[in-house]
Amino acid sequence: MNIFQEIQRRGLVNNASSGLAELLAKNDSVAFYAGFDPTAPSLHIGNLVPLMAMRLLQKAGHKPYILLGGATGLVGDPSGKNQERPLLSEEVVQANLLGLRTQLEKFLAFEGTHAAVIVNNAEWFARMGYLEFLREAGKYMNVAYMISKDIVKRRLESGISYAEFSYQLMQAYDFWYLYTHYNVQIQLGGSDQWGNITAGIEFIHKKCGKEVQGFTVPLLTRADGAKFGKSEGDNIWLDPAQTSPYRFYQYLLNTADEDVEKLLRVFCEEPLEKLEEIMHEHRQAPHLRHAQRYLAASLTRFVHGEEALQRAILASETLFRKGSEENLHRLRATELAELFETLPHATAPLSLLDEASTVVDLMAAFPAFFPSKSEVRRLIQAGGLTVNRRPVTDGNLRPDRSWLLHNRFLLVQKGKKQYFVLRFE
RNA sequence: GGGGAGAUACCAAAGCGGUCAAAUGGGCUUGACUGUAAAUCAAGUGGCGUAUGCCUUCACAGGUUCGAAUCCUGUUCUCCCCA
């Protein structure tokens, strides 16, 4: 099986230019690239999809370039947006750039014969004047062609600024720049990048008369219709400060049976036969979630490391498998401290506990977890509030220090899956 | 430039003087069932020490009225048709 078939069979190819398979088949080492715009301080789990494709290509001997959009990030890509986006300030872009760079460095090999290289398109755009851009880039693109792109067409009614309209030309120029300076012959990106990628192919064809290739990875969706990687409207970030490794692990562990095979193929680099075995075992006893556990462990380890994974597993086991009230009281102080670090938590003075006249008041003192007293009361009425594993049935109960585990901790549970640890001191 | 329609809670969408904290659907939260699933069913979904109670909400600012999401005036924004 060649590399193109491999990435195809893993479900990593959504759209590909016609000469891609041949280019990869006939060359031992081709340089390729994907761009990442610094629109957020962290990558999210969805960004991992093109990165997985890049890893596979690199392992097969091809050379990856990562393009950071220090310049394009200042303009804003209209792809996949139905509204003009607000301009990001240079400071924000700079800060984001730094965050992305450190994250990206974890995911590809930067040493060896096919070492990955990071470039920033600010390098060439910053020193280029407007006239030069018009003459060197603008002259080779036809407006009719640019307007006919889906992304642009869709936006013509609702409005698209000249800046965002120009984005595809900038990206096309990037591709050309990497092609002429580093012999980069393939561009890949998310499925919304197809228009920009083909613009680059067209551009290079016109300017150099050469043929280059491109492909897109699919946008992963879930069986329930939601975008993969979104939870309650928020992205699952790779930055542990924004999405804790525990939450990251839990998100993947909760993957629906219908989706898990697809995700295994995308995110786990084991041979496909091995993944087939995992699925086979999973189907024998789906309730054990063998496949989900494998996926969650593999990806959490990949992104956050072995230690963070073990913490996430330990917390998950403690809470969901051995989560009886007795077991909770058997936990040692160090184990509780560990849970505190792993789960969403808050610290408050003991006086808060002493002065709270009801459970409702105490909970409402933590607005990050409980936005209002009404909400707490509602939750209690529905039987959904649990403190230290014991359901709270009366919201007017007065809490006291005897509730604390190891004189410090309170494990609060909202529904079945949402845990918070409160620490009093 | 001319004519018309509209702006209601997270979204869609009823309501057109009191019975409106505002129908209905989706979403979301919780419960039951379960595999920390799916499907299904049930409850909840502005705030408040829980109340035939009070407070803040129906684009914004004023006004009429005992009483306004509903009527009037102005402002802002959106959509449609004609030129």
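Just so you know, these numbers come straight off a predicted model, no measurement behind them. Letters A, B, ... mirror the listed sequences (proteins, then strands); counts begin at 1.
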Q. How would nucleotides 33-38 of chain B be written as a contact map, 5' to 3', with B for base contact, S for sugar-phosphate-only contact and - for no contact, using protein heavy atoms under 4.0 Å?
A. BBBBS-
Quick check: are there more than 12 heavy atoms from other residues, nucleotides or ligands sitting under 6.0 Å from [atom1] of [X]?
X: A/E307; atom1: CD; result: no
X: A/Q5; atom1: CD; result: yes
X: A/H205; atom1: NE2; result: no

Which nucleotide, if any, forms a Watson-Crick or G-U wobble pair with [N], using both distances under 3.5 Å?
N: B/A7; answer: B/U76
N: B/A51; answer: none
N: B/A13; answer: none
N: B/A42; answer: B/U30
N: B/C20; answer: none

Q. Taking all non-hydrogen atoms of both residues, which atom of A/E425 and which atom of A/T347 are closest, and how far apart?
A. OE2-CG2, 3.4 Å
Distance below 4.0 Å between [X] side-chain N/O and [N] OP1 or OP2:
X: A/K373; N: B/G49; value: yes
X: A/R378; N: B/C28; value: no
X: A/T358; N: B/G49; value: no

Q. Where does the angle between the aromatic ring planes of A/F228 and A/Y251 fall among parallel (under 30°), tilted (30 to 60°) and perpendicular (over 60°)?
A.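 Rings of A/F228 and A/Y251: tilted, 30 to 60°.
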Q. Which of parallel (below 30°), tilted (30 to 60°) and perpendicular (above 60°) describes A/H290 and A/Y294?
A.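 The rings of A/H290 and A/Y294 sit tilted, inter-plane angle from 30° to 60°.
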Q: Using a strict cut-off of less than 4.0 Å between a Lys/Arg side-chain nitrogen and an Asp/Glu carboxylate oxygen, indicate whether A/K59 and A/E269 qualify as a salt bridge.
A: yes
Polar atom pairs (N or O), protein with nucleotides 53-55 of chain B, under 3.5 Å:
none

Q) What residues form a salt bridge (charged side-chain N to carboxylate O under 4.0 Å, His left out) with A/R135, not counting sequence neighbours? A)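 Testing A/R135 for salt bridge (charged side-chain N to carboxylate O under 4.0 Å, His left out), a comparison that skips the adjacent residues, returns none.
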